[in-house]
Each structure stands twice: as C-alpha cells, then as structure tokens.
Amino acid sequence: MPAHTTHVPPAEAVPPAGAVPPTDAVAPAEAVAPLLRGIAVLRRLTDAPDGTLSLSALEKTTGLARSTVDRLTATLARMGYVRLDGRDVTLAPRLMELGNAYLAALRLPDLLSARADALADELDESVSLAVGDRDGVRFIHQATRRRAMSLSFRIGDLLPAERTAPGPLFAAEWTAPDWHRWRSRRAADPADRTFPAVPPREHPTPDDDFVLRTSTAASDGYALDDQLIEPGLVALSVPVRDLRGLRDLRDPDTGRLACVASVVSHTSRHTAPDLRTALLPRLRAAVTAMETDLRTAPPPPPGPPRTDLATWTGASKQELGREFVESLARGLTVLTAFGEGRSALTLTQVAKATGLTRATARRALITLTHARLVAPAPDATFTPTPRVLSLGFPPLSRTSLPEIAQPHLTALADRVHESASLAVLSDSGEEIQYTARASAPHVLSARVTLGTRLPAQSTALGRVLLAHPEVRARGYALVDEELEAGLRAVAVPVHDRTGRVTAAINVATHPARRTPTACETELLPELSRTATAIEADLRVAGRFVHVPPR
C-alpha cells in the first residue's frame, strides 16, 4: 500500500507541555441554556457506572440546583431517554436514537460492518472501526470474540489518541491548532482521568513519542499499539480512505480518511510485531474491500422526516406544565433530524424535518454547535459529530434483551398484579429459558428463578416461540393447567427489528383469580402493550449493535 505522507508539526511548532489548556468558549448569547444543562446531565449519566446516578449526585456533579435537575430529568423521562426509579435516574435504550442518527448519517457502520465482522471471524480476533473525535478516537463498530479475556470497549467510547493504534493515523492529518489542543489536554490531564473508558495512565510518556509514532504511521500506512492502554493489549490499525471521485485509485494519498480498521488481540496470542507480520496483509486486503464498498455504494435515499416532533413537545408541555422543559426536548430532537440520506442539512431542512420554526431550529443548532454535537460547513449545512455518541451510547450499547425488558415487565406486573416473565428458546429448541421476571405481591403466585428451563411444548411461552399454526394465527398462546395444576398463563411474542420472533413474555395467574376469558380480555391487552414497548426499545437499541437475547 502506498505510504500516506503528511507534515507532522515538530514539538517547537506547538505550545510545550505545561501550557495552560484553552477553556471552553463562553456560550453564545442565543444558546439555549436548558439544552446545555440537559446535555450536561446526559453526559454525567453516561460516565456513571451502569448509566445510573441519584438525583442528589446529579445535583452535585453538574452544579445545578435540585429543582433544575428535577425538571430536566422529568423531561428526559417523558422523552423516554431516562428512567426514574425513586431517587435514581438511569439511561434508557430510547436515548440511543441520538447516536443512531449520527451513525446512520455517517453510513460507515452500514457499509463496512459486514467486512469487519467477516475479518474477525477469519482471524478469530476482535476487529473494530473507529473515527477521530478532535484529539481522541471513538469506536463506531466492534466485532469482539467471546473469551475469558476479552475487550471491554463499547461503541461510542472515547480514547486518548496517543494511547491507541488508530490515533497516529488520525493525527497524521491534524493541523497546528489540533496539535496545540492535544498538548494542552495532555498538560491538564496527564493521567487521562477525563477518559473513563481507559485506566488512568501511571507513567506518562513524552509528547515527542506520539509525534514520532504519528510520523512513522504516516510513512508506513499502518500503526501499532504495543500495550499502550494497558499491559497485555496489542492492536494493529490501517486507515480506510474514501476514494470517491478520485481518478487514480492507485494513489490513496488524496483520499479522505473515513475511519480506521483495527485488529485487537492480547500478548498471550500475539506480540505487537507478530500481529504486524502475521495479520497486516489480511487487514490491508479487508481495508481495500472496504474502500471499494465506499466508492461503489449508491447514495442512500433520505428517510421520512419526523415532522410530528414539534407537535409532540408542545402537547407534552401542555400536559406537564412547568415540569416539562420544552426547549430541552426540542433541542435534542434536532439531532434526530439527521440520518441516512440526511448527513448534511441546512437550517431550513432541519426545521422542516422536525416541524420546528426556523427561529427555534436556529437557536438549537447554535447551541448544539457550541456543544460540539453538530458542525457547520461552508455551504451553510450542518452535520452531526462523533461527540453525539457521548450522550449515553457507550453504556447502552452493551444492553441485553433482559435488561431492556425488565422495567417493562415490572410495570406490567404492577398494573395487572400478576407475575410476568421473559423467556427465549434454548439452543436445542426443546426448552424455554427464563431470562427476566417481575413478581406480584401474592402469597400464591408463579415463582420461577432466572435461568430455569421448562419443556417448550407445555408452556405458553414455548408455544409462542415454537409458533404452532394456531398460535401464529391468533398471535398469542393460552395454557390452562397443562404444565402444573393451578397455573394458567397467557403469552405473546417479542419481535426484533427484522420482525423475527426473538423472545416471548407471559403473565401467569391462578385459576381462582382469573378465568381463561378474563386472561384474554384483561391480561392479553396489557401483555400486548408491553410487548410493543419492548419491541420499540429493541428496534432502537439493535440498529447498530447486537442485543444479546440472554
């Protein structure tokens, strides 16, 4: 592969280590303050363990008044972006629609993820795709291997460029201001404590080390990470260039750097030099195929605009009054205007796609630009940036189906006062396995522990999953004391985003409490409503990540 040459500013061309880092610019006068505060809340939750913080912790970490935190979280809960559980606030899968909008606009996961997955299968190693985010690197796709020692990085995680294999490849295209920002950040945070996805740095390396690695990567056309993040972790990276419009495809030097593909392993399997020797040719071959896919892919048709958003926020404001911060909701919905076929939008197009007035859309774009969530272009368009992934995507990208279903099952059990469960088929297809449950406050109730397996043919859950002709036609299954005397249950399917039945949920009761007819008239509508809610979350969560069924 021809080397990509670039000019790397020498150390003396940028401020030396120890320079005072630039502070964030003061928000413009037209910025929407509640939108900035809501973004701050979402970022604090993103960095928190399991995406959960108490209201008091949010008050402390954001510096906002408790009343303000209450109103912001109530608004986010109304949007389905967080879940309120007593005094705790937890990120909810629906929030992933913001990151999905960015990834769909970017198109790279849709176009390249199959190649990355195939390479991971071929090499039996983890493969990732990453984009640059200022002086950091964000993952947009991960194909990981299931091992006792496996990667914990998540889609959307931000890593310092100097501690990664992709970093030098991105840095090879940095400008002098980019290097200035990098050195200032290093001086202000020598231990990388502002990067929650990586362990703190114990022994900082000189800035010149990264400058040298960048120059070498620019010359070689690849880069290595030899245990820079932590001992044992090694990676090999190759740039993926967008060659559309180039006449001479033999020279990729002028191609735009679209992303970086990496093979990641650990030293018990490969040393860094061995990774380069054994796998570099295969990684480069995969990258060449990726570049062909980028060059030949037809432009996507724009999806339908979501013009009802302004109406919905207005109705929510009327219903909830002061507790609903309409400017926050409208500002975040601007991010959902972007997507496949809508990677760059003008102010007018954003207003049309959201149903907002031009004035409202303009102030939202000014605010989102200040927050570095969108970037303006010289042609008067705006594009979403990788930083959109900082709004909840990393912790939510590891969400499983049971985790998605649990709050919905709990709400269902509270409404109908009966136990509710989620189950999937076992690998043999002959049993069901319970993966989530919510109990009801009855002395006599169905009590099944998670992981329990039962014969599929004898249960309502199993019959839905096996899809017998009668069950498929009715859309539900009712089993009356067939598995056990005194147990009556009704179940419905849960479909994934492709329409495939991936799980089933049920409500179980005692015959003394509900007749078969009552199960169909009272329980079935609530059960179907719950399945629809789970499917809605699953469609959002499964757009760009695999959602484990167990």
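All heavy atoms count here, side chains included; hydrogens, waters and symmetry mates do not.
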**Q** Can you find a side-chain donor-acceptor pair between Q406 and T410 that sits under 3.5 Å?
**A**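 Present: a donor and an acceptor within the cut-off.
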
**Q** Using every non-hydrogen atom in the two residues, find where L527 and I505 come nearest and quote the distance to one decimal.
**A**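 Looking at all heavy atoms of both residues, the closest pair is O-CD1, 3.6 Å.
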
**Q** Give a yes or no on whether a salt bridge exists between E526 and R415, defined as a side-chain N under 4.0 angstrom from a carboxylate O.
**A**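 Between R415 and E526 there is a salt bridge, with a charged N closer than 4.0 Å to a carboxylate O.
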
**Q** side-chain hydrogen bond (donor to acceptor under 3.5 Å, both in side chains) for T336 and E97? Distances and angles first, verdict last.
**A** CA-CA 7 Å; T336 66; E97 71 178 7; 5.4 Å; no

**Q** Can you tell whether the side chains of R78 and E323 come within less than 4.0 Å, N to carboxylate O?
**A**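 Looking at R78 and E323, the cut-off is not met.
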
**Q** Quick one, R154 with F139, criterion side-chain contact (heavy atoms from CB on, under 4.5 Å). Give me CA distance, side-chain angles, the key distance, then yes/no.
**A** CA-CA 7 Å; R154 307 160 299 183; F139 293 106; over 6 Å; no

**Q** Taking E291's backbone N and O only, do any of them form a donor-acceptor pair with D242's side chain (distance below 3.5 Å, no angle check)?
**A**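 No.
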
**Q** Taking the six-membered ring of F338 as reference, does the NZ or CZ atom of R342 fall below 6.0 Å from its centre and within a 45° cone about the axis?
**A**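 No, a cation-pi geometry is absent between R342 and F338.
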
**Q** So which atom in I404 and which in A541 form the shortest heavy-atom distance, rounded to 0.1 Å?
**A**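 The answer is CD1-CB, 3.8 Å.
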
**Q** Assess whether side-chain contact (heavy atoms from CB on, under 4.5 Å) is satisfied between D537 and H408, documenting all intermediate values.
**A** CA-CA 10 Å; D537 282 352; H408 296 290; 2.8 Å; yes

**Q** Mind listing the closest non-hydrogen atom pair of Y102 and P386 along with its distance?
**A**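 Scanning both residues completely, I find the closest heavy atoms to be OH-CG, 3.3 Å.
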
**Q** Would you indicate whether the side-chain heavy atoms of L76 and L42 approach each other to under 4.5 Å?
**A**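 Side-chain contact under 4.5 Å: yes.
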
**Q** Against T367, only a single residue in V374, L35, V334 fulfils side-chain contact (heavy atoms from CB on, under 4.5 Å); can you say which?
**A**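 The passing option is L35.
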
**Q** Using modelled atom types and a 3.5 Å cut-off, is there a donor and acceptor pairing between side-chain atoms of Q349 and backbone atoms of T346?
**A**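 Yes, because the side chain of Q349 sits within donor-acceptor range (under 3.5 Å) of the backbone of T346.
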
**Q** For G156 and R138, which heavy atoms make the closest approach, and how far apart are they?
**A**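 Result for this residue pair: O-NH1, 2.8 Å.
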
**Q** Decide yes or no for T357 and T360: does some side-chain heavy atom of the first lie under 4.5 Å from some side-chain heavy atom of the second?
**A**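 Side-chain contact under 4.5 Å: yes.
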
**Q** Decide whether S400 and E403 meet the rule of one side-chain donor and one side-chain acceptor closer than 3.5 Å.
**A**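 Present: a donor and an acceptor within the cut-off.
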
**Q** Is there a side-chain contact between L53 and D88 (heavy atoms, below 4.5 Å)?
**A**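 No, their side chains stay 4.5 Å or more apart.
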
**Q** With side-chain hydrogen bond (donor to acceptor under 3.5 Å, both in side chains) as the test, would you mind laying out the steps for R330 and T313 before giving the verdict?
**A** CA-CA 7 Å; R330 290 187 168 183; T313 57; 2.9 Å; yes

**Q** Given E326 and K317, is the salt bridge (Lys or Arg N to Asp or Glu O under 4.0 Å) satisfied, shown in steps?
**A** CA-CA 6 Å; E326 190 173 15; K317 181 65 174 178; 5.8 Å; no

**Q** Check step by step if side-chain contact (heavy atoms from CB on, under 4.5 Å) holds for S390 and T46.
**A** CA-CA 7 Å; S390 71; T46 301; 5.6 Å; no

**Q** Counting C-beta onward and ignoring hydrogens, is there a side-chain heavy-atom pair between L119 and E122 closer than 4.5 Å?
**A**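 Yes, at least one pair of side-chain atoms sits under 4.5 Å.
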
**Q** Is there a side-chain hydrogen bond (donor to acceptor under 3.5 Å, both in side chains) between S54 and R87? Walk through the geometry before answering.
**A** CA-CA 6 Å; S54 67; R87 296 183 177 181; over 6 Å; no

**Q** Would you mind listing every side chain to side chain donor-acceptor pair (under 3.5 Å) that reaches into residues 489-498, with sequence neighbours excluded?
**A**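 Residue pairs with at least one partner in residues 489-498: H495-E535, D496-T498, D496-R500.
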
**Q** Could R269 and D124 be called an ion pair, given the rule that one side-chain N must be under 4.0 Å from one carboxylate O?
**A**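 Looking at R269 and D124, the cut-off is met.
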
**Q** Could you walk me through whether Y476 and V490 pass side-chain contact (heavy atoms from CB on, under 4.5 Å), step by step?
**A** CA-CA 7 Å; Y476 70 95; V490 59; 3.9 Å; yes

**Q** If you measure only the distance, is there a donor-acceptor pair under 3.5 Å linking the side chains of Q433 and R550?
**A**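 Their side chains do contain a donor-acceptor pair, which is all the 3.5 Å distance test asks for.
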
**Q** How long is the straight-line distance from CG of L523 back to CZ of R488, given to the nearest 0.5 Å?
**A**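 Nearest 0.5 Å value for the CZ-CG distance: 10.5 Å.
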
**Q** Measure the shortest side-chain to side-chain distance between T502 and V424 over non-hydrogen atoms and say whether it is less than 4.5 angstrom.
**A**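 Answer no - side chains too far apart.
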
**Q** Are any non-hydrogen side-chain atoms of T73 and L55 less than 4.5 angstrom apart?
**A**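 Contact flag for T73/L55 side chains = yes.
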
**Q** Is the shortest side-chain heavy-atom distance between L103 and P109 below 4.5 Å?
**A**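 SC-SC contact between L103 and P109 confirmed.
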
**Q** Nearest heavy-atom pair of E125 and V264: which atoms, and what distance?
**A**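 Closest approach of E125 to V264, heavy atoms only: OE1-O, 3.6 Å.
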
**Q** Keeping the roles fixed (side chain from S528, backbone from P525), state whether a donor-acceptor pair exists under 3.5 Å.
**A**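 Answer holds: no.
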
**Q** So do L159 and F153 actually touch side chain to side chain, heavy atoms under 4.5 Å?
**A**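 In short, these two side chains touch, coming nearer than 4.5 Å.
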
**Q** Anything under 30° is parallel, anything over 60° is perpendicular, the rest tilted; go ahead and classify W312 against F324.
**A**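 Rings of W312 and F324: perpendicular, over 60°.
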
**Q** Any idea which heavy atoms bring V388 and L98 closest together, and the distance?
**A**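 Taking V388 first and L98 second, the nearest heavy atoms are CG1-O, 3.3 Å.
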
**Q** Would you indicate whether D50, at its atom CG, is surrounded by more than 12 heavy atoms from other residues, nucleotides or ligands within a distance under 6.0 Å?
**A**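 No.
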
**Q** Consider only side-chain N and O atoms of T348 and R358, and report whether a donor and an acceptor are under 3.5 Å apart.
**A**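 Yes, because at least one side-chain N or O of T348 sits under 3.5 Å from a partner of the opposite role on R358.
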
**Q** Does D379 reach the main-chain N or O of T381 with its side chain, forming a donor-acceptor pair under 3.5 Å?
**A**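 Yes, because the side chain of D379 sits within donor-acceptor range (under 3.5 Å) of the backbone of T381.
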
